[in-house]
Amino acid sequence: QVQLVESGGGLVQAGGSLRLSCAASGRTVSNAAMGWFRQTPGKEREFVASISWSGSSTYYADSVKGRFTASRDNAKNTVYLQMNSLKPEDTAVYYCAADFPRQRYPASYYLIPSSYDYWGQGTQVTVSS
């Protein structure tokens, strides 16, 4: 079992920045693919970014490409999401997720919430205009 805890959310003005952290415990995530998703009330969970176990491969939703950056520090068992140039439409609860794959999957596999085995409780990000 692995527990994921997100932090770093908050209220920020449009154009500002936040860095989310996802700290894992109970098991190393150094061999896990990690994802970031977000959700607003009444909508399905939306893919934001994914990062491979080594950090060498990242993938982003078109809506955040060029503004958000996913990274990881396997020594700290932590994954990050740097969010710059925030927009009001980025307002959501942000979740991190982990998958421990038994085989190599294409990047498209990690766009889907059901591909992940473990989820954090989420952290609220609110961007004011």
Side-chain angles (χ1 to χ4, degrees):
Q1 283 286 69
V2 61
Q3 292 78 43
L4 303 174
V5 178
E6 301 94 337
S7 62
L11 174 64
V12 64
Q13 288 188 333
S17 298
L18 284 173
R19 187 175 85 152
L20 305 184
S21 298
C22 173
S25 62
R27 175 180 177 179
T28 178
V29 293
S30 61
N31 60 335
M34 303 293 293
W36 286 97
F37 289 75
R38 64 188 182 187
Q39 190 169 24
T40 53
K43 292 190 176 181
E44 292 187 356
R45 201 160 290 191
E46 174 190 26
F47 171 80
V48 174
S50 63
I51 184 166
S52 62
W53 67 271
S54 67
S56 61
S57 296
T58 53
Y59 196 80
Y60 300 95
D62 287 344
S63 59
V64 307
K65 202 172 294 183
R67 300 187 298 122
F68 291 11
T69 303
S71 62
R72 64 191 301 161
D73 185 337
N74 285 338
K76 294 183 178 179
N77 226 24
T78 301
V79 179
Y80 305 97
L81 184 68
Q82 177 67 43
M83 306 187 296
N84 298 329
S85 303
L86 283 160
K87 305 175 181 180
E89 51 263 44
D90 293 320
T91 295
V93 177
Y94 283 71
Y95 299 89
C96 70
D99 176 56
F100 296 87
R102 292 188 175 90
Q103 64 185 75
R104 180 170 292 184
Y105 293 109
S108 58
Y109 177 82
Y110 291 110
L111 273 62
I112 305 168
S114 60
S115 297
Y116 295 86
D117 300 316
Y118 300 96
W119 290 84
Q121 84 292 344
T123 185
Q124 176 71 47
V125 171
T126 303
V127 184
S128 63
S129 57

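Across all their heavy atoms, G9 and V125 have their closest contact at CA-CG2, 4.1 Å. Considering all non-hydrogen atoms of both residues, A98 and L4 come closest at N-CD1, 3.8 Å. Minimum heavy-atom separation, A14 to P88: CB-CD, 4.1 Å. In terms of heavy atoms, L18 sits closest to G8 at CD2-O, 3.8 Å. Taking each heavy atom of T40 and A92 in turn, the nearest pair found is CG2-CB, 3.7 Å.
A heavy-atom distance below 4.5 Å is found between the side chains of Q124 and T91. Contact annotation: the side chain of F68 never approaches that of W36 to less than 4.5 Å [non-hydrogen atoms, C-beta and beyond]. The shortest distance between side-chain heavy atoms of E46 and S63 falls below 4.5 Å. With a 4.5 Å cut-off on side-chain heavy atoms, R38 and V64 count as touching. Here the side chains of W53 and V29 are not in contact, with every heavy-atom distance at 4.5 Å or above. Taking the side chain as every heavy atom from C-beta outward, Q39 and P113 never approach each other to under 4.5 Å. Side-chain contact between M83 and R67: absent, with no pair of heavy atoms (C-beta onward) separated by less than 4.5 Å. Between S115 and Y105, every side-chain heavy-atom pair lies at or beyond the 4.5 Å cut-off.
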(request) Using the side chain to side chain contact (heavy atoms under 4.5 Å, CB included) rule, take R19 and Y80 through it: C-alpha gap first, then chi angles, then the decisive distance, then the call. (result) CA-CA 7 Å; R19 187 175 85 152; Y80 305 97; 3.6 Å; yes
(request) Take D90 and K87 through the test salt bridge (Lys or Arg N to Asp or Glu O under 4.0 Å) and record every step on the way to the result. (result) CA-CA 5 Å; D90 293 320; K87 305 175 181 180; over 6 Å; no
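Residues V79 and W119 are members of separate hydrophobic clusters, defined by side-chain heavy-atom contacts under 4.5 angstrom among Ile, Leu, Val, Met, Phe, Trp and Tyr. Using a 4.5 Å cut-off between side-chain heavy atoms of Ile, Leu, Val, Met, Phe, Trp and Tyr, with links allowed through other members, M34 and Y60 fall into the same hydrophobic cluster. Following chains of ILVMFWY side-chain contacts shorter than 4.5 Å, one can reach V12 starting from L20, so the two form part of one hydrophobic cluster. A single hydrophobic cluster is seen to contain both I51 and F100, as judged by linkage of ILVMFWY side chains at heavy-atom distances under 4.5 Å, directly or through other members.
Shown are Y116, Y110, Y118; of these, the side-chain hydrogen bond (donor to acceptor under 3.5 Å, both in side chains) with D99 is made only by Y110.
Around OH of Y59, the count of heavy atoms belonging to other residues, nucleotides or ligands within 6.0 Å does not exceed 12. Within a 6.0 Å sphere centred on NZ of K43, heavy atoms belonging to other residues, nucleotides or ligands number 12 at most.
Among residue pairs with one or both ends in residues 69-78, those qualifying as side chain to side chain donor-acceptor pair (under 3.5 Å) are R72-N74; sequence neighbours excluded.
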